[in-house]
Amino acid sequence: MYLSLAFVLVSLPFLTAAVPLAESPVSRGIAIPITKRGKPFNGVADTSELLSSVRRSVAKIQTGFTTYERNTGVAHPLSRSIKLFRRGSGGDPLTDFGAKLWYGTISVGTPAVSFTVDFDTGSSDIFLPSPKCGSSCSGHKAYDPNSSSTAQDIFKTFSLAYGDGSTVTGEQFTDVVSIVNLTAKSQTLGAATQYSSGFMSDGFPADGLMGMGFQTISHYNAPPVFQTLISEGVVTSQVFGFKFATSGSELFIGGTNSALYTGSFTWIPLTIEAYWQASFNNISVNGNLVVGSTAAIFDTGTTQIVGDPTGIATLFNSISGAQPAPQFGNGIYTIPCTFDTSISIDVGGKAVSISPASFTLGAVSQDLSTCVAGAFANPSLTGDFWILGDVFLQNVYTAWDVGGGRIGFATLA
Ligand SMILES: *[C@@H]1O[C@H](CO)[C@@H](O)[C@H](O)[C@H]1NC(C)=O
Ligand SMILES: *[C@@H]1O[C@H](CO)[C@@H](O)[C@H](O)[C@H]1NC(C)=O
Ligand SMILES: *[C@@H]1O[C@H](CO)[C@@H](O)[C@H](O)[C@H]1NC(C)=O
């Protein structure tokens with residue numbers, strides 16, 4: 001189409017100004033500030049907590065594979081890529097796993113009551129403590145369906161098993177769930193009558209968990225909150241965005257927050273809609289290829305980068321000063337706290353640099369010279385996939401496109 005120069009000149013300032021108005025109000029997303037709160041951090045890492053969180057992530061993913069098969073009748077393609085080890089009896093519980101997770105506020109029921117939840121892309125169900133939950137839920141706010149005029153009992157129970165044999169159990173309801181002013185009118189949610197050790201309030205500051213994966217791994221086999229917002233027509237953009245940082249972290253629902261990134265997104269297609277699973281091209285250290293193309297599960301509910309023992313050993317072999325540190329636990333590596341090696345993960349042709357600060361998880365002792373590295377080996381993983389958690393996600397703005405079945409990466413502003 002031919003546009004006269006005069007038209008372009010006259011229109012440009014107007015078009016620029018009009019951009020925000022061009023979107024319909026309902027397509028405009030909303031931002032939810034998110035926080036990460038753990039125990040006070042004095043520079044020394046809690047290695048047992050870090051190890052527990054890795055085990056818990058792997059166990060969570062294993063559980064989701066089982067659920068996937070139950071929901072779809074087909075085995076998840078990666079279900080044979082986790083070797084299960086029986087845990088020894090006693091000791092070593094999966095405590096504190098949630099201490100470093102990202103959470104924010106939602107409201108549930110009528111009248112609306114606010115709760116804090118972890119926003120977890122590595123699961124798909126939402127649950128809160130029930131008033132019937134005893135000491136295992138103490139310190140958390142309870143969701144009482146009997147006090148909500150919109151709650152409906154759907155007469156189903158649930159039981160979410162974690163790798164240490166502990167479970168979160170309870171009853172399923174449907175009710176109104178709102179994220180700021182975006183309201184899912186009929187959302188399946190769980191009211192937990194028992195929390196497992198990992199969700200107890202000293203280690204898990206949020207009241208509950210909100211899964212942001214796909215329905216195929218929902219233990220309720222029900223649409224997750226964001227999918228309900230889509231099907232009820234509350235959001236028109238089927239995308240949510242995340243920025244994780246020491247401050248100004250945010251979940252954006254119904255699009256992405258263009259103030260928080262520059263340039264355009266590099267998208268990679270999901271291999272399967274269950275977890276947020278897509279392959280990275282490679283990992284390089286100082287520009288040299290060390291790990292080739294591998295499937296990855298992008299998980300906001302995992303702190304570290306987690307891989308198989310061989311792959312992780314290859315990565316650390318190329319990092320000067322890195323050492324396996326089995327004295328702190330199987331799968332842990334240490335690096336000098338002055339670490340400044342350039343590590344980059346290529347996603348869809350976009351090289352995401354892992355900043356030294358994000359890769360250094362704290363010192364192993366008070367002298368603050370040797371630090372825990374942000375990548376952990378887990379013996380249950382066979383090498384078919386890695387888990388990319390916070391240590392990766394902090395370095396890039398991410399867009400999670402539920403409608404398009406893809407995940408996007410843009411440079412943080
Ligand atoms: C939510 O609030 C935002 C900001 O006030 C507004 O732009 C948007 O239209 C509201 N959305 C809905 C669904 O009410
Ligand atoms: C709600 O009230 C009914 C009837 O008193 C009771 O049986 C049920 O256990 C209560 N549910 C919860 C979640 O407290
Ligand atoms: C990683 O993959 C990207 C995309 O295929 C490629 O451009 C880049 O050269 C690779 N990096 C290394 C170190 O091989």
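Whatever order the structure lists them in is the order used to number ligands and atoms, beginning at 1. Numbers here simply count residues along the sequence, with the first being 1.
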Is the shortest N/O to N/O distance between Glu171 and ligand 2 below 3.5 Å? no

Please determine, by modelled atom types, if Tyr143 and Asp207 share a side-chain donor-acceptor pair under 3.5 angstrom. no

Identity and separation of the nearest protein heavy atom to atom 7 (O) of ligand 3: Asp346 OD2, 4.6 Å

Considering only protein heavy atoms, determine whether one is less than 4.0 Å from atom 10 (C) of ligand 2. yes

Does the Lys NZ or Arg CZ of Lys141 fall within the cation-pi geometry relative to Phe115 - under 6.0 Å from the ring centre and within 45° of the axis? yes

Electrostatic pair Asp120:Lys60 at N-O distance under 4.0 angstrom: yes

Hey, does Ala351 sit under 4.0 Å from ligand 3 if you only count heavy atoms? no

Do me a favour and list the nearest non-hydrogen protein atom to atom 14 (O) of ligand 3 with residue, atom name and distance? Leu289 CD1, 3.7 Å

Among Val239, Leu182, Val180, which residue satisfies the side chain to side chain contact (heavy atoms under 4.5 Å, CB included) criterion with Ile253? Leu182

May I ask you to decide if the ring planes of Tyr261 and Tyr397 are parallel, tilted or perpendicular, using 30° and 60° as cut-offs? tilted

Atom 4 (C) of ligand 3 [closest protein heavy-atom partner, distance rounded to 0.1 Å]: Asn281 ND2, 3.5 Å

May I ask which of Asn282, Val290, Asn286, Ile283 has a heavy atom nearer to atom 12 (C) of ligand 3 than the others do? Asn282

Which heavy atom of the protein is the closest neighbour of atom 13 (C) of ligand 3, given with residue, atom name and distance? Gly287 O, 3.6 Å

Test side chain to side chain contact (heavy atoms under 4.5 Å, CB included) applied to Ile106 and Val113, Val225, Ile32, Val117, the passing residue: Val117

Would you please say whether a donor-acceptor pair under 3.5 Å links the side chains of Thr188 and Gln172? no

In terms of residue, atom name and distance, what is the protein heavy atom nearest to atom 8 (C) of ligand 2? Asn146 ND2, 3.8 Å

